Participant: 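Structure provided below as structure tokens; questions to follow.
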Amino acid sequence: MEFRTIKEDGQIQEEIKKSRFICHIKRVTTEDEARNFIQDVKKEHYKATHNCSAFILGERSEMKRSSDDGEPSGTAGVPMLGVLENQQLTNVCAVVTRYFGGIKLGAGGLIRAYSSNVALAIKEIGIVHIKEQLGLRIALSYSQYQELPNFLKANHLQEQDTSFTEQVQTTIFVDKDDKDSVIEELIELFNGKVDITDQGLRKVEVPVPSS
């Protein structure tokens, strides 16, 4: 099963018409994790005017919850959830803390503020596509290894677990259907002088380019 989520936990803050908005965002896998995270933020920011939240769980986004935490109904939690849905994210919880600055934003202003705060956090942190891919362990000479980055860039691949000893050994992950064509290209690139070992399937996190 494949799904998209945030690259890592994090937070950002911004000021909108003198109110301070802080988006805390975290990867979660259960409802308990999500609700504990929301409570932790509320404890940390107990003096805040509101701590609104939204989360989506499950590889098929089976569970969706949101809370306006005292803001007018539909002006905070639902717009926050909408941003998570629009980005096709799951297993993620967002809490936006608001410290009221004295200027009322109105319903439209609140919707824009809460949704843009979550969108900014996601943009800053980044998104990963979690999918099952096939690992290929490649052994190369140092001179051969210098040719690898261009190949990886052209094929939108990344290397992992690289070690430098007498040879360079590195692992790339490819979609199952691309295995044969990638191996053929590597053999052609290095004139047959390359050692490639199938490492089997593994769940990997592939960065999603920011649009």
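The shown structure was predicted, so the numbers you read here are calculated from the model rather than taken from an experiment.
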Participant: Just jot down the side chain to side chain donor-acceptor pair (under 3.5 Å) partners of Gln158, sequence neighbours excluded, or say none.
Facilitator: none
Participant: Go through the steps for Glu132 and Arg202 under the test side chain to side chain contact (heavy atoms under 4.5 Å, CB included), then give the verdict.
Facilitator: CA-CA 5 Å; Glu132 201 170 55; Arg202 193 162 77 181; over 6 Å; no
Participant: Consider only side-chain N and O atoms of Thr97 and Asn51, and report whether a donor and an acceptor are under 3.5 Å apart.
Facilitator: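 Short answer, yes.
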Participant: Could you give all pairs that pass the ring-ring contact (aromatic ring centres under 6.0 Å, His included) test and reach residues 98-118, with sequence neighbours left out?
Facilitator: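 Found Phe21-Tyr114, His45-Tyr99.
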Participant: Counting heavy atoms not belonging to Glu166, are there more than 12 under 6.0 Å from its CD?
Facilitator: no
Participant: So Val28 and Val92, do their side chains get closer than 4.5 Å, heavy atoms only?
Facilitator: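 Not touching, per the 4.5 Å side-chain cut-off.
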Participant: Are more than 12 heavy atoms from other residues, nucleotides or ligands located less than 6.0 Å from atom OH of Tyr142?
Facilitator: yes
Participant: Give every residue pair that meets the salt bridge (charged side-chain N to carboxylate O under 4.0 Å, His left out) criterion with at least one member in residues 90-112, sequence neighbours excluded.
Facilitator: Glu71-Arg98
Participant: Minimum heavy-atom separation for Ala94 to Cys23, with atom names?
Facilitator: CB-SG, 4.5 Å
Participant: Check which hydrophobic residues are tied to Phe173 through side-chain heavy-atom contacts below 4.5 Å, counting indirect links as well, and list them.
Facilitator: Val204, Val206
Participant: Do any side-chain atoms of residues 10-18 form donor-acceptor pairs under 3.5 angstrom with protein atoms, and if so which ones, sequence neighbours left out?
Facilitator:
unit_1, atom_1, unit_2, atom_2, d
Gln11, OE1, His24, ND1, 3.3
Gln13, OE1, Arg20, NH1, 3.1
Glu14, OE2, Asn117, ND2, 3.1

Participant: Under 3.5 Å, which donor-acceptor pairs link side chains of residues 55-63 to any protein atom two or more places apart or in another chain?
Facilitator:
unit_1, atom_1, unit_2, atom_2, d
Glu59, OE2, Lys203, NZ, 2.9
Glu62, OE1, Arg60, N, 3.4

Participant: Does the side chain of Pro72 come within less than 4.5 Å of Leu110's, by heavy atoms?
Facilitator: yes
Participant: Taking side chain to side chain donor-acceptor pair (under 3.5 Å) as the cut-off, I'd like each qualifying pair that reaches into residues 179-197, sequence neighbours left out, listed once.
Facilitator: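 Listed by first then second residue: Lys179-Asp198.
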Participant: Do the side chains of Ile111 and Met80 join up, straight or via other hydrophobic residues, at under 4.5 Å, putting them in one cluster?
Facilitator: no
Participant: Say whether Ile196 and Phe151 are linked into one hydrophobic cluster, either directly or through other cluster members, by side-chain heavy-atom distances under 4.5 angstrom.
Facilitator: yes
Participant: Between Ser115 and Val83, which heavy-atom pair has the shortest distance, and what is it?
Facilitator: O-CG2, 3.5 Å
Participant: Give the minimum heavy-atom separation between Thr171 and Gly135, together with the two atoms involved.
Facilitator: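 Looks like CG2-CA, 4.3 Å.
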Participant: Could you list the residues that satisfy side chain to side chain contact (heavy atoms under 4.5 Å, CB included) with Lys7, not counting sequence neighbours?
Facilitator: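 Lys7 satisfies side chain to side chain contact (heavy atoms under 4.5 Å, CB included) with Ile125, Val128 only.
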Participant: Which is it for Thr5 and Thr90 under the side chain to side chain contact (heavy atoms under 4.5 Å, CB included) test, yes or no, and what are the steps along the way?
Facilitator: CA-CA 5 Å; Thr5 192; Thr90 190; 5.6 Å; no
Participant: Test of understanding: clusters of I, L, V, M, F, W, Y form through side-chain heavy atoms closer than 4.5 Å, transitively. Do Leu201 and Ile138 belong to the same one?
Facilitator: yes
Participant: Applying salt bridge (Lys or Arg N to Asp or Glu O under 4.0 Å) to Arg4 and Glu205, what does each step give before you reach the verdict?
Facilitator: CA-CA 9 Å; Arg4 286 158 54 111; Glu205 300 186 4; over 6 Å; no
Participant: Would a single hydrophobic cluster contain both Val95 and Leu120, if residues Ile, Leu, Val, Met, Phe, Trp and Tyr are joined by side-chain heavy-atom contacts under 4.5 Å?
Facilitator: no
Participant: Can you list the residues that meet the side chain to side chain contact (heavy atoms under 4.5 Å, CB included) rule with Ser163, with sequence neighbours excluded?
Facilitator: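 With neighbours one apart ignored, the set is Arg137, Gln169.
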Participant: Running the 4.5 Å side-chain criterion over Ile, Leu, Val, Met, Phe, Trp and Tyr, what cluster does Val78 land in, apart from itself?
Facilitator: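 Its cluster partners, ordered by chain and number, are none at all.
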Participant: Mind checking side chain to side chain donor-acceptor pair (under 3.5 Å) for Ser143 and listing every partner two or more places apart, or none if nothing turns up?
Facilitator: Ser141
Participant: Can you find a pair of side-chain heavy atoms, one from Ile122 and one from Ile25, that are under 4.5 Å apart?
Facilitator: yes
Participant: Can you name the nearest heavy-atom pair linking Val194 to Ala139, along with the distance?
Facilitator: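 Smallest heavy-atom distance, with atoms named: CG2-O, 4.0 Å.
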Participant: Where do Val41 and Ile22 land on the side chain to side chain contact (heavy atoms under 4.5 Å, CB included) test, with the steps shown first?
Facilitator: CA-CA 10 Å; Val41 174; Ile22 309 165; over 6 Å; no
Participant: If we only count heavy atoms from C-beta on, is the Ile172 to Val182 side-chain gap below 4.5 Å?
Facilitator: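 Side-chain contact under 4.5 Å: yes.
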Participant: Identify the two heavy atoms, one from Gly77 and one from Ala54, that lie closest to each other, and give their separation to 0.1 Å.
Facilitator: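 Heavy atoms of Gly77 and Ala54 come nearest at O-CB, 3.8 Å.
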Participant: So Arg27 and Asn91, do their side chains get closer than 4.5 Å, heavy atoms only?
Facilitator: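 Answer no - side chains too far apart.
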Participant: Where do Val174 and Leu136 land on the side chain to side chain contact (heavy atoms under 4.5 Å, CB included) test, with the steps shown first?
Facilitator: CA-CA 8 Å; Val174 300; Leu136 297 174; 4.1 Å; yes
Participant: State, to 0.1 Å, how close Gly101 and Ser19 come at their nearest heavy-atom pair, and which atoms those are.
Facilitator: N-OG, 3.0 Å
Participant: By side chain to side chain donor-acceptor pair (under 3.5 Å), which residues pair with Asp175, not counting sequence neighbours?
Facilitator: Lys131, Gln133
